[in-house]
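Counting starts at 1 for both ligands and their atoms, in listed order. On a predicted model such as this, the values are computed, not experimentally measured, just so you know.
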Amino acid sequence: MPVCWNCGKPPRDIHFCADCGSLQPPPANYFDFFELERKLVLDAAELDRRFYALSRRLHPDVFFRRGERERQYSLDSTAILNDAYRTLKDPVKRAEYLLKENGFETGEQKSANVPPELLEEVFELNMALEESAKEEIAAALAKFAAMRGESDVEMARQFERYDQSRERGVLAEIRGLLNRRKYIQNLIETANGTR
Ligand SMILES: [Zn+2]
């Protein structure tokens, strides 16, 4: 347990000291920042509530009469607060964050590889794009949007599985799902760009 930088007593929560009220240096980890368990299923309303409460408590205006150290912590905290909120609120970004924390690579590298089960669809989309076949492009878009929807349902299922089991194998499955979802998302954007 860390101690308050100002008075040396244990802080009340992760952000403030119970004894002297000093603002503490912000935790770098996004789950810690919101004092949330490292879980993939997250109550969005609860995250919102914590975000707005912390926005008020950590706002630089609150600290303008305080020492330089707390003014700096306030700026640092506010920056992390916004990044942490954006990341944890979005299920895909949240999962990417947790995967990275657990030593998995980020999804950027692999998105160039076509998932084998999508080869045919990608081929058809490329044909339609080449011929500017509007109806075929629209049909492909509808198909990819449905696939993305199925991915999201499956992802939610695996999120629950991970929270319950904490198994690394489930994270590996989620890594695969996210790569596939990213690929589908890119296809949708490509097809949309032509309309
Ligand atoms: Zn203190």
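- Pairs engaging residues 53-62 under the salt bridge (charged side-chain N to carboxylate O under 4.0 Å, His left out) rule: D13-R57 [sequence neighbours left out].
- Evaluation of the ring pair (Phe, Tyr, Trp, His ring centres under 6.0 Å) test over residues 20-46, restricted to residues two or more places apart or in two chains, returns H15-F33, Y30-Y97.
- Counting only distances under 2.8 Å, and ignoring water, the protein N, O or S atoms around the Zn ion (ligand 1) are C4 SG, C7 SG, C17 SG, C20 SG.
- Between the side chain of R175 and the backbone N or O of E105 there is at least one donor-acceptor pair closer than 3.5 Å.
- Side chain of W5 to main chain of S22: no donor-acceptor pair is present (N/O by atom type, distance under 3.5 Å, no hydrogens or angles).
- Listed by chain and number, the residues in a ring-ring contact (aromatic ring centres under 6.0 Å, His included) with F63 amount to none (sequence neighbours excluded).
- Side chain of D163 to main chain of V41: a donor-acceptor pair is present (N/O by atom type, distance under 3.5 Å, no hydrogens or angles).
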